[in-house]
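Heavy-atom basis, side chains included; hydrogens, waters and symmetry copies ignored.
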Amino acid sequence: MPDADRAEVFAAIAPDEDMRLYGRGVRRRMAPILGNDPARLGMVHGLLLALPGTPVPRYGEEIGMGDDLALEERMSIRTPMQWSRAANGGFSTAPADRLIRPVIDNGDDAYDR
């Protein structure tokens with residue numbers, strides 16, 4: 001990707017340095033990028049399914065999971081799946097401090113939302 005195109009993408013969906021990965025990628029999920037707007041998310045999912053080829057969404061995209069930019073590198077989007085509004089997003093009954101990675105439990109992307 002030409003540098004000018006990359007800069008335009010970064011400006012639009014990853015304006016802060018901590019939203020980027022290795023200087024060439026984005027480490028965010030679609031829901032936070034689109035402001036958790038259900039209409040915009042539906043449009044993006046429809047476009048993804050209408051394009052040629054096999055769509056390969058990340059787990060959690062179908063329910064609008066968010067990201068945790070406090071976690072390093074790709075771990076920001078590799079948080080436990082949010083199965084329900086139960087403790088730990090229904091992912092585990094273990095105490096939160098025993099989970100391998102923390103669940104997203106605050107803000108607009110919290111599992112109980």
Side-chain angles (χ1 to χ4, degrees):
M1 174 183 286
D3 289 341
D5 292 344
R6 180 175 288 118
E8 185 177 348
V9 170
F10 282 167
I13 66 173
D16 300 331
E17 189 67 35
D18 73 337
M19 297 174 175
R20 302 173 190 169
L21 186 63
Y22 310 131
R24 63 182 184 276
V26 176
R27 64 184 207 110
R28 299 186 66 204
R29 288 187 175 272
M30 290 310 300
I33 288 172
L34 298 174
N36 296 306
D37 181 339
R40 293 176 77 196
L41 283 165
M43 182 177 60
V44 167
H45 289 154
L47 177 61
L48 178 68
L49 295 170
L51 292 171
T54 303
V56 184
R58 293 183 176 122
Y59 75 89
E61 295 290 352
E62 72 281 4
I63 62 168
M65 271 184 69
D67 45 40
D68 183 351
L69 295 175
L71 299 174
E72 293 186 13
E73 299 175 346
R74 294 181 292 173
M75 296 305 127
S76 65
I77 61 169
R78 293 180 173 178
T79 57
M81 181 70 173
Q82 300 169 344
W83 295 107
S84 72
R85 292 184 174 164
N88 297 327
F91 182 78
S92 173
T93 57
D97 63 343
R98 301 272 321 225
L99 297 175
I100 301 296
R101 289 191 193 84
V103 295
I104 299 173
D105 61 0
N106 57 47
D108 290 339
D109 300 320
Y111 66 81
D112 60 356
R113 293 192 55 139

Atom CG in Leu21, atom CD1 in Ile77: separation rounded to 0.5 Å?
8.5 Å

Quick check: is Val9 connected to Ile33 through a chain of hydrophobic side chains (ILVMFWY, heavy atoms under 4.5 Å apart)?
yes

Can you check whether Asp18's main-chain N or O pairs, donor with acceptor, with Asp16's side chain at less than 3.5 Å?
no

Would you name the heavy atoms of Pro102 and Pro80 that are closest together and state the gap between them?
O-CD, 3.3 Å

Please lay out, stage by stage, how Arg20 and Phe10 fare under the test side chain to side chain contact (heavy atoms under 4.5 Å, CB included).
CA-CA 8 Å; Arg20 302 173 190 169; Phe10 282 167; 3.5 Å; yes

Are the side chain of Asn88 and the backbone of Ala94 linked by a donor-acceptor contact shorter than 3.5 Å?
yes

Main-chain N/O of Ile13 paired with Arg28 side-chain donor or acceptor, under 3.5 Å:
yes

State whether the number of non-hydrogen atoms from other residues, nucleotides or ligands found under 6.0 Å of Ile100 atom CD1 is greater than 12.
no

Between Gln82 and Gly64, is there a donor-acceptor pair closer than 3.5 Å when you use the side chain of the first and the backbone of the second?
no

How long is the gap from OG on Ser84 to CZ on Phe91, to the nearest 0.5 Å?
12.0 Å

Counting N and O atoms only, with roles assigned by atom type, does the side chain of Glu61 sit under 3.5 Å from a partner on the main chain of Tyr59, one being a donor and the other an acceptor?
no

Nearest 0.5 angstrom please: Met19 CE to Glu17 CD, how far?
11.0 Å

Please find the pair of heavy atoms, one from Glu62 and one from Arg58, that lie closest to each other, and give the distance.
OE1-O, 4.0 Å

Working for side chain to side chain contact (heavy atoms under 4.5 Å, CB included), residues Met81 and Met65
CA-CA 8 Å; Met81 181 70 173; Met65 271 184 69; 3.7 Å; yes

Gap between atom OH of Tyr111 and atom CD1 of Ile104 - 0.5 Å precision:
11.5 Å

Hphob cluster co-occupancy, Val103 + Leu71, side-chain heavy atoms under 4.5 angstrom:
no

If you count heavy atoms of other groups shown closer than 6.0 angstrom to CG of Asp3, is the number above 12?
no

How long is the straight-line distance from CZ of Arg27 back to CD of Glu72, given to the nearest 0.5 Å?
8.5 Å

Got a second to check how far Arg29's CZ is from Thr79's OG1, nearest 0.5 Å?
5.5 Å

Can you confirm whether Leu41 sits close enough to Pro38 that some side-chain heavy atom of one is under 4.5 Å from a side-chain heavy atom of the other?
no

Between the main-chain N or O of Ala70 and the side-chain N or O of Asp68, is there a donor-acceptor pair closer than 3.5 Å?
yes

